[in-house]
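Structure, as structure tokens:
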Amino acid sequence: MTEPTRETSTATVSSDTGVPPLITPLEYGTEPNPPPAKTSIDEFLKRNEEVLAKDREEFQAYLVAKHEQATRKAREEAAKPQVKTKVSRRTMLNVAVGTAAAAEVAVLGYSAMNGGSSSDNGVIRAVGTGAQQSPITREVVDSRADIRGQSLGNWVALLPTKMGGGTYAIDLNSNRVLGSIWYWNYGDYNPISHHLCAFPSSDPTHGFEFVNSTQGGQNSLIYGIPTNVTAENVPGGTNIYRVRYDGTQMQMIENVSETTGLGLGVHVTVNPKDAQSYFVTDGQKDIAACFDRTTSKVKAALRFDWTPNVPQLREAWIKGGTLTIKKIYPDEKTGLYNLRGTKGNKIDWEMVPMGELFVEEGSLPGEAPLTLTGADGTVWHPEGRWAATVVRLCGGICILDPEKNFEPAAFLQFNKDSQDQYKVEQIDKDTWQVVFDKIHSPGHEIGFSPDGRFLVMMNNLRENNCSIFSCSDPDPTKWRKIAHVEDPLWRGKYPNPFHMVFSMDSSKLYLSILHPSPAYSGIMVIDTKTWTIKKEIQGIGPDLQTPAITYDGKYVLTPFSGFQRQSTGISVIDTSTDTLIGILPSNGGHHDCVIIPTKLEHMKHTRSCTL
């Protein structure tokens, strides 16, 4: 498979080339903190393309360097007496003609030529200093993968189409689309169908219910797609929809944002304990809110705000500051919050994956970027005992206590060189603070293992690893960092670990691994007994997103969204062999995927517990 528009480099790149800056600094003269209010969407798109071009250049250098390394090692190995390795000559040849050939030759060669076992079992403890040294199997997929009408079981997959403005459901037994909904019909003229989560249904083919968050505002402009829409006339959008499928069609049964006055547009997660409440969180507004399923009443809403030690964007987070977490309430007279549409946005569009540093350099404008925390997702402990909100710019997670109406109970810091926890101090009845001396790197997606033993977070940008906490202790202030999983090929921003799902027995963790546009991304399989990388399935598709597992444990489905305008599809992996068996067609820039749970016990395997 050839990655679309990928350039072939002929330059010679040394394998020991130093890692370049993550984002090439902008030229601002002597001005230490450029005013973000003057930055337009056009300027952002121009800057984004500059950064993306640099990412592609660095990524191509990485491919060439690894190809040279593999070639050198192959020659050295050929000069030695023949020894049996775990990788066959046929596999090596298949890799050589596969997608992104230089990279895959190097990657597979890297593992094969370093064959044998290592004294380091691959668990990078919290005090560890390097990447995994033991071999990693790399497999390149066949771009013609076809499930040939094979049934994937009696499951229904639900996928939002993001820029398509709707959501549809696929019957995985027949591979037919059951139904779809398009929010344009309901008068929402900027419905970026973003994330969702479904409630249990004993027979999804005959009916189910789900909650769907949609973004709005200038988020429709950040992909560089030609449009007559401008920052001045773009609709506010940003709604939370409750939708029901009745066995024939989908219908919206409530706009929860209209009911409550809260417009939130990112992650949606249902309480796995009883499926009677759900969180919606928004990283532009830094608000996490828990809603009652039956009444849609807001059970609790928390706003996260940042006060930096150094009030300049370039150093506002890395030099520490204070995180304030405060409960917010609706207007006493109206009973509504005043946060519809873009009201309350701190930045004009979301921090896209790998986009945190745009805030630091002043390329992402808004009313209050210095107060931004990036709190855009809340997951539940599998038993519903705890909730956990990711705070991206602080590189950690705030643990909330549902038994105390979601009061903050602990703050876990996932950066490799940071302390495990920062103390949460209660200031008054509705306010808590966490003081940081420094923040090493932003983080992103998080998740609990289904057995409740581990909590995982992706460290991105300045670090590039998967960090793991042990969370078996009933007291979250005693949860501790136990490992960091790190591929020796991860350098700088890319490749980058992103979304996740665990196997049914928690023994494996599947990660989507992002490459820069338009390169094809892949899936990595982690052994959670040793926290070592077992395998990487490469070259699936561009912009690989959220994996979901069928509840018989047989298949992992992962959509690739093509950055909203390139190749799209839904990859299907057989978990018994961890191989790609096919690609389902899709017609949307999917950013999420949920298998409808048929039992309450399935909830701990859904997006409720992993992002």
Side-chain angles (χ1 to χ4, degrees), residues 261-262 264 279-291 298-313 315-332 337-339 343-347 359 366-379 381 385-415 418-440 442-443 446 455 457 469 474-479:
L262 267 178
L264 304 175
F279 258 100
V280 186
T281 312
D282 191 302
Q284 288 181 257
K285 300 180 182 182
D286 279 337
I287 292 174
C290 183
F291 300 83
V298 178
K299 302 180 70 172
L302 299 98
R303 188 181 66 228
F304 296 75
D305 292 301
W306 181 250
T307 304
N309 291 335
V310 178
Q312 297 180 357
L313 288 174
E315 300 178 328
W317 292 272
I318 60 175
K319 291 197 173 180
T322 300
L323 171 66
T324 300
I325 307 159
K326 188 176 183 64
K327 287 190 175 181
I328 58 174
Y329 297 95
D331 181 88
E332 292 183 358
Y337 293 84
N338 186 23
L339 291 164
K343 181 76 172 181
N345 281 359
K346 296 179 179 181
I347 50 178
V359 181
E367 293 185 0
L370 272 175
T371 70
L372 191 68
T373 71
D376 73 353
T378 303
V379 296
H381 185 275
R385 177 61 188 90
W386 305 101
T389 299
V390 58
V391 188
R392 290 170 60 179
L393 290 176
C394 293
I397 298 173
C398 182
I399 305 299
L400 308 176
D401 188 348
E403 294 183 358
K404 296 183 178 179
N405 200 28
F406 302 99
E407 292 185 3
F411 192 95
L412 282 55
Q413 236 292 348
F414 281 75
N415 296 162
S418 70
Q419 62 197 60
D420 288 0
Q421 299 211 11
Y422 282 87
K423 183 180 179 181
V424 177
E425 181 180 359
Q426 186 164 7
I427 304 303
D428 57 38
K429 181 176 70 72
D430 293 325
T431 309
W432 296 260
Q433 288 187 338
V434 185
V435 178
F436 298 85
D437 54 342
K438 64 177 68 174
I439 294 171
H440 294 273
I446 63 175
L455 179 56
M457 183 176 188
F469 264 70
D475 181 357
T477 64
K478 296 180 180 179
W479 296 356

task = Would you sort out whether Lys346 and Asp286 count as a salt bridge (Lys or Arg N to Asp or Glu O under 4.0 Å), showing the intermediate values?
result = CA-CA 8 Å; Lys346 296 179 179 181; Asp286 279 337; 2.8 Å; yes

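- For the pair Leu370/Pro308, a side-chain contact is recorded, criterion being any heavy-atom separation below 4.5 Å from C-beta on.
- Residues Leu302 and Lys326 are not in side-chain contact: their nearest non-hydrogen atoms beyond the backbone lie 4.5 Å or more apart.
- Looking at Asp282, its side chain does come within 3.5 Å of a backbone N or O of Lys285 through a donor-acceptor pair.
- Atom OG1 of Thr371 sits about 10.5 Å away from atom CG of Leu393, to the nearest 0.5 Å.
- No side-chain heavy atom of Phe279 sits under 4.5 Å from any side-chain heavy atom of Val379.
- Within the 4.5 Å cutoff, the side chain of Thr324 has no heavy atoms near those of the Trp306 side chain.
- Considering only heavy atoms from C-beta on, Asn338 stays 4.5 Å or farther from Asp331 through its side chain.
- In terms of heavy-atom proximity, Ala289 sits nearest to Leu262 at CB-CD1, 3.7 Å.
- Taking a 6.0 Å sphere around CD of Glu367, one finds it holds 12 or fewer heavy atoms contributed by other residues, nucleotides or ligands.
- In this structure the side chain of Asn415 reaches within 4.5 angstrom of the side chain of Ile439, judged on heavy atoms.
- Separating the CG atom in Asn309 from the CD1 atom in Ile318 is a distance of 11.5 Å, to the nearest 0.5 Å.
- You'll find the ring centres of Phe411 and Phe436 inside the 6.0 Å limit.
- When all heavy atoms of Ala409 and Thr477 are compared, the pair lying nearest together is O-CG2, 3.6 Å.
- Looking only at atom types and distance, the side chain of Thr322 has no donor-acceptor partner in the side chain of Gln433 under 3.5 Å away.
- Without hydrogens or angle criteria, Thr431 side chain to Asp428 main chain gives no donor-acceptor distance under 3.5 Å.
- The structure places OG1 of Thr378 at 11.5 Å from CD1 of Ile287, a figure rounded to the nearest 0.5 Å.
- A distance-only check finds no donor-acceptor pair linking the side chain of Trp317 to the backbone of His440 [under 3.5 Å].
- Closest approach of Gln421 and Ala410 over heavy atoms only: OE1-CB, 3.7 Å.
- Two residues are said to be in side-chain contact when any heavy atoms from C-beta on lie closer than 4.5 Å; Leu455 and Phe414 meet this criterion.
- Partners of Glu315 by salt bridge (Lys or Arg N to Asp or Glu O under 4.0 Å), not counting sequence neighbours, listed by chain and number: Lys319.
- By the 4.5 Å heavy-atom criterion applied to side chains, Val424 and Gln426 are not counted as neighbours.
- Between the side chain of Gln284 and the backbone N or O of Asn345, no donor-acceptor pair lies under 3.5 Å.
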query = What do the steps show when you test Ile399 against Leu412 for side-chain contact (heavy atoms from CB on, under 4.5 Å), and what is the final call?
reply = CA-CA 8 Å; Ile399 305 299; Leu412 282 55; 3.7 Å; yes

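- Distance check: Cys398 SG to Trp432 CH2 gives 9.5 Å after rounding to the nearest 0.5 Å.
- Applying the salt bridge (charged side-chain N to carboxylate O under 4.0 Å, His left out) test to every pair with at least one member in residues 392-407, sequence neighbours left out, gives these pairs: Glu356-Arg392, Asp376-Arg392, Arg385-Asp401, Arg385-Glu403.
- Without hydrogens or angle criteria, Tyr337 side chain to Ile328 main chain gives a donor-acceptor distance under 3.5 Å.
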message = The test is side-chain contact (heavy atoms from CB on, under 4.5 Å); show your working for Asp305 and Leu323 and say whether it passes.
response = CA-CA 6 Å; Asp305 292 301; Leu323 171 66; over 6 Å; no

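- In terms of heavy-atom proximity, Gly283 sits nearest to Leu372 at O-CD1, 3.5 Å.
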ask   = Given the rule in the side-chain contact (heavy atoms from CB on, under 4.5 Å) test, do Cys394 and Phe304 qualify, once you have shown the distances and angles that lead to the verdict?
value = CA-CA 11 Å; Cys394 293; Phe304 296 75; over 6 Å; no

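- Considering all non-hydrogen atoms of both residues, Tyr422 and Val434 come closest at CB-CG1, 3.5 Å.
- Residue Lys429 comes nearest to Tyr329 through the heavy atom pair NZ-OH, 4.0 Å, listed as atom of the first residue, atom of the second, then distance.
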query = Could you walk me through whether Trp479 and Trp386 pass the side-chain contact (heavy atoms from CB on, under 4.5 Å) check?
reply = CA-CA 13 Å; Trp479 296 356; Trp386 305 101; 4.0 Å; yes

